[in-house]
Amino acid sequence: MIISVNWLKKFTDIDLSIDELSTLIGARLVEIESVVDLGAKYKDVLIVRVENASKLEDSDHLNVVMIDDGGATTNIERDESGFIQVICGAQNISTGQYVAWLPPHSIVPNTYSKGEPFILESRKLRGYMSNGMIASAKELDLFDEHEGILVLDENLNAGSSFAEVYELNDYLLDIENKSLTHRPDCFSIIGFAREVAAISNKAFQTPDWLMNASPEFCSDSSMNVEPVVIIDDPELSSRYQAVVLSGADSSKKSPIKTQTYLARVGVRPINAVVDVTNYLMMLTGQPLHAFDYDKLVSVGDGKAEIHVRSGKDRETLELLDGRTIELDSSDVVISNGNTAIGLAGAMGGENTAIDDNTKNIIIESATFNLYNLRATQMRHGIFSEAITRFTKGQPASLTAPVLSDAVRLMKEWAGADCISGVIEDYPKQQSIIDIKFSVNEINGILGSAFSLDEITNTLINVEFSVDKLDDFNLSVKAPYWRADIHIVEDIAEEIGRLNGFDNINSVLPKRYFTAVRPNPFDDFKENLRSILARAGANEVLTYSFLHGDIIKKACQNIGNSYKITNSISPSLQYYRQSLTPSLLDLVHMNIKNSYNEFAIFEINKTHSKNRGLNNEGVPVELNKMALVYSNKDLMQGSSYYKVKNTIEYIFNVIGFKAEYVPIVEEDNIDVLPFEVRRAAVIKSALSGKVVGVIGEYKKSVIRGFKLSEYTAGFEIDNELLFNEVAGEVLKYSAISRYPSTERDICFKVGSKINYDSIIKSLNKYDSVDDMTFSISPIDIYSNNDSTKNITIRIKMNSSSHTLTNEEINLYINGFANQVESEVGAVVI
Amino acid sequence: MQDIEKLSTDLLETISTSDRPRDILKLPELKAAYSAIRDIPESDRGSYGRLVNEMRLKLESAVAIRESELEVSSIEPIDVTAPWDKNTGPISLLPAQNGTKHPLSVELRNVVDIFTRMGFEAIESRQLDDDEHMFATLNFPENHPARDGYDTFRTEEGFIPPAHTSTMQNRILKAGKSKLESGGQIAAISYGRVFRNEDVDSTHEHTFYQCEGVFVSDGATLGQMLGTLRSFFETYYGQQLSIKTQPGYFPFTEPSLEFLIEKPAVLGGKPGEWLEMLGCGMIHPNVLIAAGIDPKLYRGFAWGGGIERLVMLKYGIDDLRYFESGKLQFLRKFL
């Protein structure tokens with residue numbers, strides 16, 4: 001929203017500099033996005049009188065124009081009368097007009113803030129000297145007007161400043177609307193001026209006409225068809241007023257100064273009738289709509305029975321902008337009899353549009369249900385100044401004074417006469433509530449120390465009525481335009497804001513010494529991040545939304561993904577079911593960026609429909625950790641082991657004992673992208689619960705994501721993992737004072753025998769209490785398809801004595817025998 | 001026509017044992033069968049054409065099946081329990097000096113850590129929620145124009161990817177109610193990922209991180225809110241700061257404010273340069289009521305702000321899009 005400071009000044013004195021003003025508004029009313037110095041681009045523009053305009057010979061459109069600048073310009077060529085010659089192509093120029101002249105060396109205003117401002121000069125056109133130019137409304141950057149130059153008011157002083165006469169030495173404030181969503185009154189010049197007065201500690205006086213809740217309209221009606229208004233459902237509209245006017249001249253323009261005010265706040269002047277409605281909307285926040293009354297009567301078969309009602313099924317309406325829309329029951333419709341003639345608050349119907357032949361008009365001043373209008377706005381995509389105001393909830397009391405002033409201006413600007421009394425339905429009277437509160441309540445909310453008098457004065461400045469109940473208590477009524485004031489918190493906001501929140505002392509709340517325990521699961525995840533970073537992996541964060549193709553490429557069932565109905569693009573349409581596809585999608589890009597070997601990981605949430613809803617009725621969220629390792633070059637052996645080594649490192653640090661089990665079925669972890677022959681589910685050795693999956697990816701996944709062959713990864717359910725290790729304390733065993741001994745054993749086993757079966761067998765070996773054994777792999781060798789040799793190192797230590805050779809051999813043989821008998825291995 | 005059936009049977013058999021099944025689709029016999037259609041009497045062309053087409057479809061699917069069989073049989077199972085593959089040796093981790101944490105995770109942790117030390121419990125925010133938590137319990141009635149400011153996504157089921165971490169506020173208030181009523185306070189933060197339906201450019205993202213705070217006691221004031229926020233930022237930047245506010249509007253707070261700090265020296269700030277850090281306000285009585293807390297007895301304040309902003313200011317990052325790009329060039333700058 002654009003606010004003109006000069007327009008504000010018509011209602012309140014502003015003696016602050018623009019910087020002070022915008023700082024104050026920023027601190028106590030609303031954020032200002034930018035301040036534009038409007039005057040700068042008009043500083044050289046002069047008002048001149050056209051002394052003579054004559055056709056240029058040999059040209060079908062150019063005129064030689066002599067202008068009087070009152071001698072204001074220096075260093076310029078003049079004729080003997082002191083007039084200046086300008087060649088002008090506008091068809092509407094004629095002698096005696098006052099026009100805006102851009103002298104040589106001035107910048108054409110509509111190029112002022114562009115990259116290359118257009119600077120005028122004196123130069124010859126077809127052999128005739130042309131000094132500067134006579135400007136159109138468009139060149140003056142006011143509004144798009146194609147009918148030649150802008151003809152100004154009569155009887156001005158030639159040579160006076162255009163900006164001064166039309167009050168364009170102005171500043172425009174671009175207001176951030178969002179924070180005024182609850183303040184319909186601030187979407188008007190008068191409302192904004194009231195706030196500006198109050199935040200500079202001045203009392204504001206709303207113009208009398210706007211305070212007049214029941215203004216007089218003409219009483220004698222002289223019409224053939226008497227209109228009536230019926231609001232079918234008071235929920236849709238609490239008040240609808242209308243008057244009929246006759247004799248509006250649609251060729252008439254509103255005053256030039258009014259046009260410049262409308263233009264500077266972004267409203268294009270059209271003609272006097274339309275300008276009256278727009279001008280009053282900007283001034284007061286109350287939108288008005290004018291229908292062609294004769295058309296309205298004609299679509300109603302000779303009657304004018306205006307209804308405010310809901311849209312009906314399959315009902316359609318052709319709007320003023322040429323679109324035909326389908327209505328539904330949440331739209332508020334204006335109809336005559338059964339025929340829809342307008343989409344309330346949003347746009348009029350084509351069937352009652354004002355045109356050049358319009359003689360009689362009916363002006364609507366009404367208020368509508370803001371929630372319905374917002375639904376209409378969203379569904380039909382209508383974002384006009386009017387609906388912006390209606391959706392803030394304009395008060396019912398505003399319709400009458402504004403309609404009354406519209407009648408006055410229609411007479412003054414468009415020559416229209418009011419020919420009806422006010423026609424009205426007002427089923428729900430606007431109620432003004434009493435808010436009773438104590439000074440302590442206000443100070444309690446704010447942490448401030450305002451006195452009863454300070455509170456009273458602040459509220460009176462913005463025209464609240466305040467009754468002092470006793471020395472500590474007040475009863476307050478908000479003015480009719482403050483429908484947002486309901487509770488004492490609203491009053492507290494006014495007091496804090498108008499006096500400056502920044503003047504409130506900031507203090508810390510008191511609390512007990514009790515320490516807050518960091519969230520253990522958060523700490524766990526942070527620990528995982530640190531461990532993975534130490535393992536040389538890089539943490540990524542990727543979008544929660546994916547393209548359906550990525551889900552398919554990862555061999556997942558797209559039906560399990562929550563689908564976004566209003567996604568920005570197809571690549572952000574589905575919730576991810578697991579983190580792995582997002583990571584796989586990054587591998588190729590990073591390889592192309594010359595990273596040959598890397599591991600990326602993410603710790604984040606996933607959602608899948610097959611997980612169902614939780615007890616709150618919202619989708620279950622899984623806390624996952626996934627990693628993908630990739631090496632551009634093909635290495636010896638399976639990439640599975642590279643990743644397994646990383647995850648074992650994590651598990652060792654967090655104290656989790658894992659078992660790797662071939663994938664047999666879909667466990668409670670998403671195994672779909674993984675190649676079952678070269679992947680495993682990760683189980684807790686203690687509880688047997690599956691916590692994740694690790695392995696290489698399916699061939700089709702490798703192709704789909706353009707992965708290198710030597711790629712593998714894992715995905716873990718962090719919550720399950722956390723539950724397994726929560727409360728685990730590192731088991732410490734005392735360091736032995738006696739030397740340890742190492743021996744290697746090589747087992748020859750069938751190629752189908754798992755490494756783990758040997759280790760498990762070794763672990764089962766029973767021995768005396770004071771011995772500790774640690775078992776580690778040395779070599780896995782195979783030169784044929786049927787057998788392999790697995791070499792294991794056993795480190796032995798006694799806490800009571802140095803081991804003898806006999807003892808060592810005894811233990812080693814014991815181990816060997818155990819494995820030979822259990823696994824069918826041969827010791828070689 | 002019998003020829004076609006015979007040809008089809010023969011080729012299917014060949015395919016089922018072939019090592020390069022796709023080559024069979026290029027055999028001259030097949031080409032001949034296709035081109036033979038020109039020599040067939042017009043009356044029979046239709047049925048002949050159908051036969052040839054059926055054969056082609058059958059062969060193509062047979063090739064696809066055989067190819068996947070071949071692919072699967074070429075995949076050698078591995079011993080998933082072994083520490084390394086046979087005939088290889090011990091495996092090393094990637095160099096630790098290349099490992100990084102994401103700058104957003106680090107900063108989020110930093111923020112959570114300061115608030116924890118200030119006495120706030122931390123709860124991670126949901127990433128898929130419902131209207132009830134996102135709007136209704138926060139005093140946003142349906143079709144309220146303030147909902148416009150949130151540009152929310154929706155799923156087919158009507159769930160909402162939350163547009164603010166306040167989606168946890170009702171849960172936090174409900175969970176803290178008993179503590180409050182037994183003489184304590186509610187002091188909690190919720191943090192995490194939020195989503196807005198916005199086109200992405202260097203300063204806009206549809207996915208970003210927020211941290212939200214909630215404090216409720218029997219005597220919470222707006223002055224305490226300003227004090228709490230000032231204290232946080234002074235700890236975060238390690239210096240004293242000037243603060244100021246702007247009036248704002250959020251349906252779930254009353255009064256509502258935007259909170260600004262004077263740009264700290266560590267960020268190269270000069271006096272008079274202000275940074276808009278977050279939105280805040282006194283919790284609206286309706287929000288307390290929605291959680292079963294009596295607003296006549298208790299008052300609270302809440303705030304919420306973005307994390308990316310802090311990281312961008314800290315490191316001078318000029319483009320939001322890097323954060324979720326997964327580019328190692330970016331990530332490895334945070335070694």
Side-chain angles (χ1 to χ4, degrees), chain A residues 26 31 178-179 181-182 371 374-375 391 446-447 489 493 496-497 501-502 504-509 511 516 518-519 529 533-544 562-565 586 590 595 599 605 607 618-619 636-638 641 645 660 677-678 680 699 754-756 777 780 782 788, chain B residues 71 75 77-88 91 93-96 98-102 104-105 109 116 119 121-122 126-130 143 145-146 149 153-156 197 206-207 221-224 226-227 230-231 244-249 254-255 257 282 324 326 328-329 331:
Chain A
E31 182 184 342
K178 269 184 199 166
S179 55
T181 302
H182 61 318
Y371 299 107
R374 180 176 174 276
T391 52
L446 296 175
E489 281 77 5
E493 174 163 42
R497 183 176 65 80
F501 286 119
D502 295 343
I504 293 172
N505 269 343
S506 69
V507 294
L508 283 168
R511 72 167 181 112
V516 170
N519 183 324
R529 271 188 200 102
R534 285 207 301 276
N538 301 103
E539 186 188 12
V540 299
L541 290 170
T542 57
Y543 294 140
S544 302
Y562 288 99
K563 186 179 180 187
I564 306 292
T565 53
L586 296 175
N590 279 311
Y595 291 90
K605 295 187 177 193
H607 305 78
V618 290
Q636 269 253 295
S638 168
Y641 299 102
N645 184 54
Y660 301 85
R677 286 169 191 74
R678 294 168 82 81
K699 291 282 181 202
N754 277 344
Y755 169 82
D756 209 28
I780 303 170
S782 171
K788 58 186 171 189
Chain B
E71 188 168 285
I75 296 170
I78 55 171
D79 177 1
V80 293
T81 68
W84 55 77
D85 215 342
K86 61 191 180 204
N87 302 333
T88 66
I91 289 169
L93 295 170
L94 290 172
N98 282 344
T100 54
K101 294 189 207 178
H102 197 285
L104 283 178
S105 307
R109 180 76 186 171
T116 306
E121 287 177 61
R126 286 187 59 88
Q127 292 185 6
L128 184 54
D129 215 347
D130 57 8
N143 272 322
F153 293 112
R154 294 215 175 229
T155 71
E156 287 174 323
N197 193 340
H206 51 73
T207 298
T221 68
L222 189 135
Q224 289 178 359
L226 298 179
R230 176 205 287 274
S231 169
K244 70 171 186 178
T245 62
Q246 284 174 348
Y249 171 69
E254 184 72 43
L257 300 174
M282 300 301 289
E324 310 264 337
L328 288 169
Q329 294 108 298
L331 298 167

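Each chain gets a letter, A, B and so on, in the order the sequences are listed, and its residues count up from 1. Small disclaimer: the values here were computed from a predicted structure and weren't measured. The analysis underlying the following values was restricted to heavy atoms, covering all of them including side chains, and did not include hydrogens, waters or symmetry mates.
Contact annotation for A:K178: both backbone and side-chain heavy atoms come within less than 4.5 Å of a heavy atom of chain B. For a residue to count as touching a neighbouring chain, one of its non-hydrogen atoms must lie under 4.5 Å from one of that chain's; by this rule B:P83 touches chain A with backbone and side chain alike. Interface remark: A:Y595 contributes side-chain atoms only to the contact with chain B (heavy atom separation under 4.5 Å). Interface remark: B:L331 contributes side-chain atoms only to the contact with chain A (heavy atom separation under 4.5 Å). Both the backbone and the side chain of A:A535 have a heavy atom closer than 4.5 Å to some heavy atom of chain B. When heavy atoms are compared at a cutoff of 4.5 Å, A:H182 approaches chain B by way of both its backbone and its side chain. Contacts between A:R534 and chain B at a heavy-atom distance below 4.5 Å involve the backbone alone (N, CA, C, O). Within the 4.5 angstrom heavy-atom criterion, only side-chain atoms of A:L586, from C-beta onward, approach chain B.
In this view, B:K86 and B:E76 satisfy the salt bridge (Lys or Arg N to Asp or Glu O under 4.0 Å) rule, not counting sequence neighbours.
Heavy-atom pairs under 4.5 Å with chain B peak, among A:G447, A:A375, A:P619, A:S544, at A:P619. For the set B:G248, B:P77, B:A82, the count of heavy-atom pairs under 4.5 angstrom toward chain A peaks at B:A82. The candidate from A:R497, A:R677, A:Q636 with the greatest count of non-hydrogen atom pairs under 4.5 Å with chain B is A:R677. Chain B forms more heavy-atom pairs under 4.5 Å with one residue of A:N754, A:D756, A:I564, A:N505 than with any other, namely A:N754. The candidate from A:S638, A:A533, A:A680, A:G637 with the greatest count of non-hydrogen atom pairs under 4.5 Å with chain B is A:A533. Heavy-atom pairs under 4.5 Å with chain A were tallied for B:T221, B:N197, B:T81; the largest tally goes to B:T81. Listed options B:T88, B:L257, B:L94, B:T116 were ranked by heavy-atom pairs under 4.5 angstrom with chain A; first place goes to B:L94. Ranked by heavy-atom pairs shorter than 4.5 Å toward chain A, the options B:A122, B:G227, B:S231 are led by B:G227. Note: B:N87 leads B:N98, B:L226, B:N87, B:T155 in heavy-atom pairs under 4.5 Å with chain A.
Contact of the A:Y641 side chain with the B:D79 side chain is registered, since non-hydrogen atoms from C-beta on lie closer than 4.5 Å. The closest side-chain heavy-atom distance from B:I75 to A:R678 is below 4.5 Å. In this structure, A:N645 and B:L93 have side chains that are in contact, with non-hydrogen atoms separated by less than 4.5 Å.
Between the B:D130 side chain and the A:V618 main chain, no donor and acceptor come within less than 3.5 Å of each other. One N or O on the side chain of A:N590 and one on the backbone of B:G326 form a donor-acceptor pair closer than 3.5 Å. Not a single donor-acceptor pair under 3.5 Å links the side chain of A:D502 to the backbone N or O of B:K244. Using modelled atom types, no side-chain atom of A:E493 and backbone atom of B:P255 make a donor-acceptor pair closer than 3.5 Å. In this structure a side-chain-to-backbone donor-acceptor pair under 3.5 Å is missing from B:R230 to A:L508.
Rounding to the nearest 0.5 angstrom, the gap separating the OG1 atom in B:T207 from the CG atom in A:L541 is 10.5 Å. Distance check, rounded to the nearest 0.5 Å: CD of A:E539 to CG of B:L104 gives 9.0 Å. Between A:I504 atom CD1 and B:L222 atom CG the span is 5.0 Å, to the nearest 0.5 Å. Between the CD atom of B:Q246 and the CD atom of A:E31 there is a distance of 4.5 Å, given to the nearest 0.5 Å. Rounded to the nearest 0.5 Å, atoms NZ (B:K101) and CG (A:N538) are 13.0 Å apart.
Ring orientation note: the planes of A:Y543 and B:H206 are tilted relative to one another, at an angle of 30° to 60°.
Residues B:V80 and A:Y660 share a closest heavy-atom pair of O-CB, 3.5 Å.
The neighbour count for B:E121 CD, taken as heavy atoms of other residues, nucleotides or ligands under 6.0 Å away, does not exceed 12.
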